[in-house]
Amino acid sequence: MTKIIIAPSILSSDFANLELEIKKIEENGADWVHVDVMDGHFVPNITIGAPVVKSIRKITSLPLDVHLMIDNPEKFIKDFALAGADIITFHYEAAKDNPEKIINLIKSYGKKAGISIKPNTKVNEIKDIVNKVDLILIMTVEPGFGGQAFMFDCLDKINEIKKYLTKNIYIETDGGINPDTAKLCINMGVNALVAGNYIFTHKNMKEAINSLRI
Ligand code: DX5
Ligand code: ZN
């Protein structure tokens, strides 16, 4: 069985104690750190940028899984790559004209490239590029905020993506992940899970992380 990657989203962490929060997820068995970057345009919320990624890079050896929920992602790939991101995922909806160019740009910095789709975007729109990325991130909530309810109708997309894939890559879901929804995703073939609210509000983080791997 493939190992399920657990990527806690620091959006739900205490930003005043970010170093402690990241050490905590590291000690409790997380595989990646998921960093949600929002610009107030692509999504109705503003979070953090490349300088914060640079600071986080210094205090953890875990891979940094950077999720760009921003317009014009091509303008910022360099900043996040140099800041120390390991995986850079952009939204297809923000780059419909030139997704391949952005994928190549991310790879030119030696980083893993991911593409994400929002709940209303159909998989067939990205069918020609799924084999060019290292990760596909299927949003299971409308991007913008942590703590929302999982959208079950996004699950069918996983099967569809598998139909187009000719190799093994990361298939990640993000939004409303808890042990019940994690199980549904894993059974469909997801191998990387992002969870914010569930992990950071649980009284025992180790238990929370382990419970998502089934
Ligand atoms: C939402 C973000 C998610 C979010 C997940 O736009 O991309 O990563 O933090 O949070 P939960 O697990 O609380 O839904
Ligand atoms: Zn995210």
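Atoms within a ligand are numbered from 1 in the order they appear, just like the ligands themselves.
Distances from ligand 1 to the non-hydrogen atoms of Phe150 include no value under 4.0 Å.
Taking distance alone, with nitrogen or oxygen atoms compared against 3.5 Å, Val141 stays at or beyond that limit from ligand 1. Between Val194 and ligand 1, no pair of N/O atoms sits closer than 3.5 Å. Considering backbone and side-chain N/O of Leu11, none are found under 3.5 Å from N/O of ligand 1. Inclusion of Gly144 in the set of residues having an N or O under 3.5 Å from an N or O of ligand 1 is warranted.
If you look at Asp174 and ask which of its N, O or S atoms sits nearest the Zn ion (ligand 2), the answer is OD2. For His67, the N, O or S atom closest to the Zn ion (ligand 2) goes by the atom name ND1. Between the Zn ion (ligand 2) and the N, O or S atoms of Asp36, the shortest distance is to OD1.
Within the 4.0 Å heavy-atom criterion, the part of Ser9 lying near ligand 1 is the side chain and not the backbone. With a heavy-atom cut-off of 4.0 Å, Phe145 touches ligand 1 through its backbone alone.
Protein heavy atom nearest atom 5 (C) of ligand 1, with residue, atom name and distance: Asp174 OD1, 3.4 Å. In terms of protein heavy-atom proximity, atom 12 (O) of ligand 1 is nearest to Gly196 N, 2.8 Å.
Placement of Val194 and Ile169 in two distinct hydrophobic clusters is found when ILVMFWY residues are connected by side-chain heavy-atom separations under 4.5 Å, directly or transitively.
By the 6.0 Å contact criterion, NZ on Lys75 is open, its count of non-hydrogen atoms from other residues, nucleotides or ligands being 12 or less.
Using a cut-off of 4.0 Å between Lys/Arg side-chain N and Asp/Glu carboxylate O, Asp14 and Lys24 are scored as not salt-bridged. Of the charged side-chain nitrogens involved, none lies within less than 4.0 Å of a carboxylate oxygen, so that Asp156 and Lys122 do not count as a salt-bridged pair.
In terms of modelled atom types and a separation under 3.5 Å, the side chain of Lys23 and the main chain of Ile59 share a donor-acceptor contact.
Cation-pi geometry between Lys118 and Phe42 is satisfied (NZ or CZ under 6.0 Å from the ring centre, within 45° of the ring normal).
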Exercise for review: Apply side-chain contact (heavy atoms from CB on, under 4.5 Å) to the pair Leu165 and Ile171, showing each step before the final yes or no.
Suggested key: CA-CA 10 Å; Leu165 284 175; Ile171 305 177; 4.0 Å; yes
